[in-house]
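Please read the structure below before turning to the comments.
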Amino acid sequence: MPRRRGLEEASGGFDLLPETQGLSRPPRARRTPPAPSDAQADPCADPDANSRAETDTPAKSPAARKPAEAAPAGPEGHRARLRAKLLRAGPDALADYELLEMLLFLALPRVDTKPHARRLLARFGSFAGAVAAREADLRAVEGIGEAAVAALLLVQAAALKLLAAEVRDEPVLNNPDRLIAYLSAAMARAPVEQFRVLFLDSRNRLIADEVLAHGTVNHAPVYPREVIKRALELGATALILVHNHPSGDPTPSLADIEMTREIRAGAATLSIVVHDHLIIGNGRHVSFRREGLL
């Protein structure tokens, strides 16, 4: 056959496949269908079941996955517990020695301050007594050096600033309890007598609060003319006289009563009013006006 011969020549001598093989295709591999999923196997299954199961399983927070850290040991751990107690329960939950400990943390960062706090309490009796103490008395306590003294005096100054600001914010006579709180903080624990005067304007607002005399444990020299002269310099129209009794007993002496009468009489000639004379003791006070002595 001419056509067949032509093909043989074109093939370059290679054998040709039989016709039946040349026209047929090789058999295809049979695919195995994938196994049906649970949702496909059961047409009635809830399609959201898997997502709900994932949602219902609580995820662990980083804090839960992270192992708890042990509290620091030694002084650092003690300080951390005191800070946590203060922040959690407030200052009323702390004993006086704990308040002193925390205050001394700032001054003595690498020292166990509990023994220092105990010695301060033994010497001054309370947190308030330690904070109000004089510098020389504080330095006499074992372990209390310059840094600790400065920390204690700073608290004293801050407390007085706060109380004084409250007195200045409104007419002095409007809140006598607030005035007594300020004067007690400023004078009750002073080791010697102080005589101070609150100079007021026509609306009974504080113009100046000045200590005019320091004395001994039972006497402070007061000159009525100096009190009146200072009132005129400040333009004051009213006065409140104040002094302390270091003994703690605020009972007025005869000298206290006579001096008050002299100041009142001299001030009256210049239309300056003496509202009161207060004697500050330890936790107690006497008002001349309330006692009928003015």
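Fair warning: this is a prediction, and the values are worked out from it, not measured in the lab. Only this structure's heavy atoms are used, side chains among them; waters, hydrogens and symmetry mates stay out.
Leu160 and Val155 sit in two unconnected hydrophobic clusters of ILVMFWY residues. Membership requires side-chain heavy atoms under 4.5 Å apart, directly or through other members. At a threshold of 4.5 Å between side-chain heavy atoms, the hydrophobic network of Ile, Leu, Val, Met, Phe, Trp and Tyr places Leu200 and Leu183 in one connected group. Linking Ile, Leu, Val, Met, Phe, Trp and Tyr residues whenever their side-chain heavy atoms come within less than 4.5 Å places Val274 and Val197 in a single cluster. The hydrophobic cluster containing Val167 also contains Met187, counting ILVMFWY residues as joined when their side-chain heavy atoms lie under 4.5 angstrom apart, directly or transitively. Neither Leu278 nor Leu212 shares a network with the other; the hydrophobic side chains, linked directly or stepwise wherever heavy atoms of I, L, V, M, F, W or Y lie under 4.5 Å apart, form separate groups for each.
Shortest non-hydrogen contact noted between Leu104 and Ala148 is CD2-CB, 3.7 Å. Between Ile257 and Pro252, the closest heavy-atom pair is CG1-CB, 4.4 Å. When all heavy atoms are compared, the tightest approach of Gly281 to Pro250 is N-CB, 4.0 Å. Nearest heavy-atom pair, Ser126 versus Gly129, reported as atom, atom and distance to 0.1 Å: OG-N, 3.0 Å. Heavy atoms only, all atoms of each residue included: Ala181 and Leu163 are closest at O-CD1, 3.8 Å. Closest approach of Ala236 and Ile207 over heavy atoms only: CA-CD1, 3.9 Å.
Contact check for Thr113 versus Leu100: no side-chain heavy atoms found under the 4.5 Å cut-off. Looking only at side-chain heavy atoms (C-beta outward), Leu198 and Leu206 come within less than 4.5 Å of each other. When side chains are defined from C-beta on, Thr260 does not count as touching Leu293, because their heavy atoms never get closer than 4.5 Å. Residues Leu106 and Leu154 fail the side-chain proximity criterion, which asks for heavy atoms closer than 4.5 Å. Side-chain contact check for Leu241 versus Val222: every heavy-atom pair is 4.5 Å or farther apart. Residues Glu193 and His214 are not in side-chain contact: their nearest non-hydrogen atoms beyond the backbone lie 4.5 Å or more apart.
Here Glu291 contributes atom CD and Ile279 contributes atom CD1; the two are 9.5 Å apart, rounded to the nearest 0.5 Å. For the atom pair Asp137 CG and Ile144 CD1, the distance stands at 12.5 Å (nearest 0.5 Å).
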Extract all donor-acceptor atom pairs below 3.5 Å that involve side chains of residues 263-273 and protein atoms in other chains or at least two apart in sequence.
residue, atom, partner, partner atom, Å
Thr269, OG1, Gly266, O, 2.6

What side-chain donor-acceptor pairs closer than 3.5 Å can you find for residues 228-235, not counting sequence neighbours?
residue, atom, partner, partner atom, Å
Arg230, NE, Glu210, OE1, 2.9
Arg230, NE, Glu210, OE2, 3.3
Arg230, NH1, Glu233, OE1, 3.0
Arg230, NH2, Glu210, OE2, 2.7

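Within 6.0 Å of atom CZ in Arg83, more than 12 heavy atoms from other residues, nucleotides or ligands are found, so the atom counts as buried in its surroundings.
Judged by distance alone, the side chain of Asp276 and the main-chain N or O of Arg289 form a donor-acceptor pair under 3.5 Å. With Asn282 contributing its side chain and Ser247 its backbone, the two residues share no donor-acceptor pair below 3.5 Å. Counting only distance, with no hydrogens or angles, the side chain of Asn244 and the backbone of Gln194 share a donor-acceptor pair below 3.5 Å.
Sorted by first and then second residue, the salt bridge (charged side-chain N to carboxylate O under 4.0 Å, His left out) pairs with a member in residues 239-256 read Asp249-Arg284; sequence neighbours excluded. Applying the ring-ring contact (aromatic ring centres under 6.0 Å, His included) test to every pair with at least one member in residues 172-202, sequence neighbours left out, gives no pairs at all. For residues 90-108, every residue pair satisfying the salt bridge (charged side-chain N to carboxylate O under 4.0 Å, His left out) rule, not counting sequence neighbours, is listed here: Lys85-Glu98. For residues 115-148, the set of pairs meeting the ring-ring contact (aromatic ring centres under 6.0 Å, His included) definition, not counting sequence neighbours, is empty. Annotation: ring-ring contact (aromatic ring centres under 6.0 Å, His included) contacts involving residues 263-294, sequence neighbours excluded, comprise His243-His277, His277-Phe288.
With sequence neighbours excluded, the residues satisfying side-chain contact (heavy atoms from CB on, under 4.5 Å) with Arg225 are Tyr223. Every residue two or more places apart in sequence or in another chain was checked for a side-chain hydrogen bond (donor to acceptor under 3.5 Å, both in side chains) with Glu142, and none qualifies. By the side-chain hydrogen bond (donor to acceptor under 3.5 Å, both in side chains) test, Thr237 is found to be paired with no residue, residues two or more places apart in sequence or in another chain being considered. Annotation: side-chain hydrogen bond (donor to acceptor under 3.5 Å, both in side chains) contacts of Ser184 (sequence neighbours excluded): none. Scanning for side-chain hydrogen bond (donor to acceptor under 3.5 Å, both in side chains) contacts around Arg139 gives Glu135, with sequence neighbours left out.
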Subject >> Leu152 and Leu103: CA distance, side-chain angles, deciding distance, side chain to side chain contact (heavy atoms under 4.5 Å, CB included) verdict >> reply: CA-CA 8 Å; Leu152 292 162; Leu103 176 57; 3.4 Å; yes
